[in-house]
**Q** 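This is the structure I have questions about; it appears just below.
For reference, positions follow the sequence shown, starting with 1. First listed ligand is number 1; within each ligand, the first listed atom is number 1.
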Amino acid sequence: MTSTDGPLVADLSEEALLARIFPLLPSGTSTLLAPGDDAAVVAAPDGRFVVTTDVLVEDRHFRRAWSGGQDVGRRAAVQNLADVAAMGARPTSLVVALVIPADLPVSWVEGLARGLALECEPLGVGVVGGDLSGGPVVVVSVAAHGDLEGRAPVLRSGARPGDVVAHAGVVGRSAAGLALLEAGRGALDDELVGAYLHPSSPLGAGPAAAVAGATAMMDVSDGLLRDAGRIARASGVGLDLAGPATAFPDDVRRLAAAAGALGASAERWVLDGGEDHGLLATFPAGATLPAGFRAIGRVRDGSAVLVDGSPAPETSGWDHFGGH
Ligand SMILES: [Mg+2]
């Protein structure tokens with residue numbers, strides 16, 4: 001919930017606003033030169049660094065009526081950190097560019113900084129720089145960096161026939177939470193709503209998968225089927241996935257009540273729901289799966305993603321430019 005208590009962004013100078021934000025941001029264990037100069041300096045002991053960026057736009061990716069500043073900060077951090085982890089890298093730093101309307105409460109911006117810190121600090125990730133601008137809606141643009149620690153990056157294109165398909169994290173929770181909010185039934189399940197507002201990704205499982213020999217990996221941001229299709233296409237293989245009840249019995253069970261209340265399908269949420277930021281990976285047959293991963297299928301020759309032996313609809317999942 002937003003609050004109109006306290007000062008608005010328009011009431012403070014940029015310097016005064018930054019003075020409130022900076023102390024809330026984590027410095028990070030890889031930061032060699034903290035914010036204060038024209039740019040920060042971050043260690044890249046590997047000689048390479050992983051870099052990615054993702055943007056959240058108000059009324060496109062979140063609504064201020066549903067998401068507080070802390071929720072948006074956590075989500076912005078997690079979706080970027082998950083992309084770094086999905087390469088098999090350890091996240092090291094974020095930079096954040098923020099567009100904010102003048103009538104935004106300062107407490108909302110402070111919440112955003114706290115949300116970033118909540119996700120980054122435990123991992124030793126620093127928020128090492130950023131930029132502020134005024135604008136008509138809130139836009140949070142994050143770039144994240146990571147360290148491969150001497151390993152090869154894990155690409156989408158490395159899956160080979162015979163590999164095991166595995167997943168770490170939850171599926172369908174964020175989609176269910178959003179569906180509850182959209183139906184005005186958010187009070188029915190705080191935890192599912194929370195999974196939408198501030199998803200949590202098994203970030204440590206990314207580097208662990210790389211160490212265990214993962215042949216391909218990505219984070220599930222647009223839905224299990226859609227993202228599995230991306231690994232299949234990039235690798236030039238087909239994937240045989242077990243159905244939701246077999247592959248994700250806990251998630252299906254957890255979603256059953258909300259699905260029943262909304263007349264929705266827990267299985268579809270599991271297959272199509274995006275933004276849970278679990279990790280989808282393939283491992284050589286016989287590899288020991290790292291903690292958190294469960295086997296959900298096999299890689300085979302071919303090109304399609306099959307679920308319980310049947311072709312999966314290609315149009316499912318999140319399409320950024322579709323009618324979602
Ligand atoms: Mg991704």
**Q** Check for me: within less than 2.8 Å of the Mg ion (ligand 1), which protein N/O/S atoms show up?
**A**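 Correct list: D83 OD1, D219 OD1.
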**Q** Return yes if some donor-acceptor pair links the side-chain N/O of S93 with the main-chain N/O of H145 below 3.5 Å, else return no.
**A**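 It does not hold such a pair.
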**Q** Tell me every residue that passes salt bridge (Lys or Arg N to Asp or Glu O under 4.0 Å) with R48, counting only those two or more places apart in sequence or in another chain.
**A**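 Partners of R48 by the salt bridge (Lys or Arg N to Asp or Glu O under 4.0 Å) criterion, ordered by chain and then number, come out as D46.
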**Q** Just verifying a value: how many Å separate T29 OG1 and R90 CZ, rounded to the nearest 0.5 Å?
**A**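 The CZ atom of R90 is 5.5 Å from OG1 of T29, to the nearest 0.5 Å.
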**Q** Please list every donor-acceptor pair under 3.5 Å in which a side-chain atom of residues 209-218 meets a protein atom from a residue at least two apart or in another chain.
**A**
from, atom 1, to, atom 2, distance (Å)
T215, OG1, D163, OD2, 2.7
T215, OG1, T282, O, 3.1
T215, OG1, T282, OG1, 2.6

**Q** According to salt bridge (Lys or Arg N to Asp or Glu O under 4.0 Å), who are the partners of R75, at least two apart in sequence or on a separate chain?
**A**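 If we apply the salt bridge (Lys or Arg N to Asp or Glu O under 4.0 Å) test to R75, skipping adjacent residues, the hits are E275.
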**Q** Give a yes or no answer on whether the side chain of R294 reaches the backbone of A247 with a donor-acceptor pair at less than 3.5 Å.
**A**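 Checking the backbone N and O of A247 against the side chain of R294, a donor-acceptor pair under 3.5 Å is found.
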